[in-house]
Amino acid sequence: MAREFQRGHKAKISDLTPGTDLYVGVQIAAPGLTFDISCFGLDANEQLSDDRYFIFFNQPKSPEESIQLLGAQSGDTESFRVTLDRIPAAIQKLSFTATLDGSGQMSQIGPGYIRIVAGGEEVVRYAFTGSEFTTERAVMLGDFYLKDVWRFAAVGQGFDGGLDALLKNFGGEVAEEEAPPAAAPAAAPGFAPPAQAAAPPAFGAPPAAQAPQPAPSFGAPPAPTPSPAPQQPMHAAPTIAAPLAPQTPQAPQAPSPYGQPQQPQFGQVPGQGAPPAPPFGQQAPAPYGQPAPAPYGQQPPMGMPPGVPQGMPQGVPQGAPATGAGLQAALQPYKETATGQRWTPQNQQLMRVDLTMGGSGVLARQGSMVMYQGKVDFGYKSAGFVGRAVGNATGQEMQLMRCTGRGQVFLAEEGSHLHPIELQGDAICVSAESVLAFDESLQYEVRRVEGHGIPGGALFTMQFQGTGTVIVKTHGTPVVLPVTPTTFADCNAVVAWSAASQVIVSTQVRLRRNAYPGHSGETVNLQFRGAPGNFIVVQPYEV
């Protein structure tokens, strides 16, 4: 039976199916609208560093054919074949997207889905409707991403721009041609042999009640009725091009697409040669008077000489007012960062949470909100009489607020460094003083650390468990140490540790030391023991 995912849900592929040869189907439709459904193969920086892994109507497969565009079949608007164990190591994420070709917006779509089929059986489905969107013209549907092992995430994140803006978000460029590209001949996938009377192959489609359909070896689900092979659409839209590699500067040519400047770029002294082109995944800033690049996930402008401030007069294009260009360049590095994930660090001290993803609210420390966008409700989270009593007695009391609605909330506290820790059924122990926020779906409780030789005989901590994210704050950059029998930490400096670790309160207090006027100040600490894989997190600061 297929697992029904909600927006923000994630799972290991190995928990869904033992197979790695997968069929991905997308269903999205609206009266009078046309959609382009694509797959972006991204690197570790979530950038399209290799244009051959942008799979769309003009490029239906990757070089080693680990990602293939199959066309409409089995009730799906578009379908793909993904062979995970053949994807190159440089590709760390596959992002499946749908964009409007022409006018319209995503709020007009009807019920749709993205699904995964393995071995002829649907194993997961993420369903969505137009009511989840407004004026967006694109949507990131779901991701395969590599985090130790391949995993799948239901994203459902709207995007205001179309396919060209989405490509720019992933570090690509859009180029126009004088004539539309000729349609490539479309045929049934070459890997689909005719149906045999024998049993279905290991990666086979579910049997159909009608005439036998061609059964691909990897097993796309059969169509309800036979349909002719889909024809490649003729697109009058600009041809999508991959990021351009750095080239030798040449004489000025025709105007570059989408407002890219021919005049000296920011930071270039007039009369000198043009600076090198931006590296893969980044783009030069737009010139004065042209629309700024889409801010969604935009990277700061590059290509300027090291050490030259972006707002200096010599970085202003000739003929442009210095104030506008300098201000634009000065603010560019601090624009909002949105990655399509629920939790996104904006910098070391500021965290952004998108409440439209995940389906549950967020509990955050009272007063930690610094800004929000959209329709967000903030409510008091009561711990109850028992919770307050336990918190007061153990020192693990948290004054929380509940954030719900549809929008983005930015959280920070006293400039502390913030670190998102994603839990997927596992557990972690964190001092309540070090918790800034966490998903409401997580379970949390006060745990006792056993020990002798200190008043009360124990210390206390908070344990978080389940599926979700907890945001831990530290003073400065922490260090993560493996747990060994000889690992000790100051109880005022330790921030968190794996829940499977055995923690013992250790003390160096001796009765005979009372005869001396002082001591080292390091009389109580925590000793950690555990199997390989356990860890502790220590900050360079004592609370």
Side-chain angles (χ1 to χ4, degrees), residues 7-8 10-13 20 22 24 26 36-69 78 80-99 114 116 126 138-159 161-174 240-245 278-283 293-300 302 336-345 352 354 357 420 422:
R7 180 186 296 179
K10 305 173 183 178
K12 297 178 180 178
I13 296 297
T20 58
L22 308 176
V24 179
V26 174
D36 291 326
I37 301 172
S38 313
C39 176
F40 292 83
L42 308 176
D43 59 22
N45 297 319
E46 299 192 1
Q47 296 293 298
L48 183 66
S49 58
D50 189 335
D51 64 306
R52 299 174 300 171
Y53 290 89
F54 174 34
I55 310 303
F56 68 120
F57 51 86
N58 274 350
Q59 185 166 257
K61 61 183 179 180
S62 60
E64 72 293 323
E65 300 186 358
S66 63
I67 314 165
Q68 301 177 43
L69 184 71
E78 188 61 88
F80 299 81
R81 180 185 186 182
V82 177
T83 311
L84 294 176
D85 53 4
R86 296 178 59 189
I87 295 177
I91 303 300
Q92 301 284 299
K93 175 183 282 191
L94 304 180
S95 181
F96 293 90
T97 66
T99 56
I114 180 172
I116 301 175
Y126 161 52
V139 59
M140 292 182 280
L141 301 171
D143 293 341
F144 287 91
Y145 64 100
L146 187 60
K147 186 178 179 182
D148 300 327
V149 295
W150 281 103
R151 306 167 189 256
F152 175 74
V155 179
Q157 176 67 44
F159 195 95
L163 182 58
D164 54 349
L166 194 62
L167 183 63
K168 287 183 179 181
N169 174 63
F170 288 132
E173 293 184 359
V174 181
I240 310 303
L244 300 177
F280 272 3
Q282 303 180 13
Q283 55 187 355
Y296 187 90
Q298 191 68 31
Q299 299 294 327
M302 300 294 289
E336 175 187 1
T337 300
T339 61
Q341 302 296 327
R342 179 170 167 88
W343 295 90
T344 304
R352 173 186 184 268
D354 191 342
M357 304 178 63
E422 181 183 348

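Bear in mind that the values here come from a model prediction, so they are computed numbers and not experimental data.
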Any side-chain heavy-atom pair of Asp354 and Thr344 under 4.5 Å:
no
Side chains of Asp36 and Phe57, heavy atoms from C-beta outward: is any pair under 4.5 Å?
yes
Scanning both residues in full, the closest heavy-atom pair of Thr97 with Met140 reads CG2-CG, 3.9 Å
To the nearest 0.5 Å, how far apart are CD in Gln47 and CG in Asn169?
7.5 Å
Once you round to the nearest 0.5 Å, how far does CD of Glu46 lie from NZ of Lys93?
3.5 Å
Are Ser66 and Glu64 close enough that a side-chain donor and a side-chain acceptor fall under 3.5 Å?
yes
Plane angle bin for Phe96 and Phe80 - parallel if under 30°, tilted between 30 and 60°, otherwise perpendicular:
perpendicular
Rounded to the nearest 0.5 Å, the CG atom of Leu94 sits from the CG atom of Leu146 at a distance of 9.5 Å
Of all heavy-atom pairs between Thr20 and Asp85, which one has the smallest distance, and what is that distance?
OG1-OD2, 3.1 Å
Closest contact, heavy atoms only, Cys39 versus Ile67
SG-CG2, 4.1 Å
With a cut-off of 6.0 Å (strictly less than), are more than 12 heavy atoms of other residues, nucleotides or ligands near NZ of Lys12?
no
Rounded to the nearest 0.5 Å, the CE atom of Met357 sits from the CD atom of Gln341 at a distance of 6.0 Å
Without swapping roles, check the side chain of Gln59 against the backbone of Asp51 for a donor-acceptor pair under 3.5 Å.
yes
If I take atom OG1 from residue Thr99 and atom CD1 from residue Ile37, how far apart are they, to the nearest 0.5 angstrom?
8.5 Å
To check you understand the geometry: which heavy-atom pair defines the closest contact between Val139 and Gly156, and what is its length?
CG2-C, 4.1 Å
Which of these, Trp150, Tyr53, Phe144, sits in a side chain to side chain contact (heavy atoms under 4.5 Å, CB included) with Ile87?
Trp150
Can you tell me if Glu65 uses its side chain to pair, donor with acceptor, with the backbone of Ser62 under 3.5 Å?
no
Could you tell me whether the side chain of Ile13 reaches within less than 4.5 Å of the side chain of Phe152, counting heavy atoms only?
yes
Of all heavy-atom pairs linking Leu42 and Leu48, the shortest is CD2-N, 3.8 Å
Please report the shortest heavy-atom distance between Tyr145 and Lys10, naming the atom on each side.
OH-CD, 3.2 Å
